[in-house]
Structure formats: C-alpha cells, structure tokens
**Student:** 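Can you keep this structure in mind? I'll have questions shortly.
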Amino acid sequence: LCPAPTYFQQGEYKGVYFPPGVGNDDFGLDAVEDLFKYPIGNWEDLGPFKTSLNYDVTYNQDIFYYCHMHDGMTRRIKL
C-alpha cells in the first residue's frame, strides 16, 4: 500500500481513497487542487485546508515532497 496524502477542506475529506486498499486512488487532490491556483488570501474563505499522510506501517526514513504547481516548493521531512 502506498501512503498517499489525504486532502480535507473545512473538515471534510474530499476523496474516496481512505481506507487504503479499497481500490480507488481518489485521495481528494482533484477536488482542491485548482483552488490553490488562487492567491492565498482567497483561501481563507474556502478553508481551512488540511493535508495528511496515513502510515499504517512503521516508517523511520525521511520523506521528500514537491509541488507540481508551485516552482521551488520542494522539501525534506526528517522523521
């Protein structure tokens, strides 16, 4: 199983992926992705937004991520 991100808007899960392994890869990104093209000030009326990762296995390595919409938005998360 791949620990895909899960996307929430105003406390509501926007996908149908969770729980993992149900055979659907809609984890909510499509529902919120276009909203992030707007200036951050517009997000306040649409949010709050939350993105989570669900790991159902022990994982103790670093995580790397990037954003395909925002150039330079790449980071390393040290666990």
Side-chain angles (χ1 to χ4, degrees):
L1 297 175
C2 176
T6 53
Y7 293 86
F8 296 80
Q9 180 183 6
Q10 296 178 341
E12 177 186 347
Y13 178 54
K14 303 308 282 189
V16 293
Y17 172 80
F18 197 77
V22 297
N24 192 319
D25 63 356
D26 177 6
F27 45 87
L29 178 61
D30 291 340
V32 300
E33 182 174 30
D34 286 341
L35 302 176
F36 294 117
K37 295 177 183 175
Y38 296 107
I40 196 166
N42 295 44
W43 299 0
E44 292 176 0
D45 294 334
L46 301 171
F49 294 93
K50 179 178 122 181
T51 303
S52 300
L53 285 174
N54 178 41
Y55 281 89
D56 51 2
V57 295
T58 300
Y59 191 84
N60 60 0
Q61 298 179 12
D62 295 351
I63 299 171
F64 296 86
Y65 73 91
Y66 74 96
C67 179
H68 68 276
M69 293 176 58
H70 300 101
D71 188 37
M73 189 174 170
T74 303
R75 295 290 183 264
R76 176 184 192 176
I77 301 171
K78 297 190 70 62
L79 300 176

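Sequential numbering from 1 along the given sequence is applied to the chain's residues.
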**Student:** Taking all non-hydrogen atoms of both residues into account, name the closest pair between Asp26 and Tyr13 and its distance.
**Tutor:** O-OH, 3.8 Å
**Student:** Has Lys50 got its NZ or CZ under 6.0 Å from the middle of the six-membered ring of Phe8, at an angle within 45 degrees of the ring axis?
**Tutor:** yes
**Student:** Tell me whether Gln10 at atom CD has more than 12 heavy atoms from other residues, nucleotides or ligands lying less than 6.0 Å away.
**Tutor:** yes
**Student:** So, for Asp62 and Lys78, which heavy atoms are closest and what is the spacing to 0.1 Å?
**Tutor:** OD2-NZ, 3.2 Å
**Student:** Treating Thr6 as the side-chain partner and Ser52 as the backbone partner, does any N or O pair qualify as donor plus acceptor under 3.5 Å?
**Tutor:** yes
**Student:** Would you indicate whether Tyr65, at its atom OH, is surrounded by more than 12 heavy atoms from other residues, nucleotides or ligands within a distance under 6.0 Å?
**Tutor:** yes
**Student:** Could you report the tightest heavy-atom contact between Tyr66 and Thr74, atom names first, then the distance?
**Tutor:** CB-OG1, 3.6 Å
**Student:** Is there a donor-acceptor pair closer than 3.5 Å between any side-chain N or O of Gln9 and the backbone N or O of Lys14?
**Tutor:** no
**Student:** For Leu29 and Tyr7, work out which heavy atoms get closest and say how close.
**Tutor:** N-CD1, 3.6 Å
**Student:** Is the CD1 atom of Ile40 crowded by more than 12 outside heavy atoms at less than 6.0 Å?
**Tutor:** no
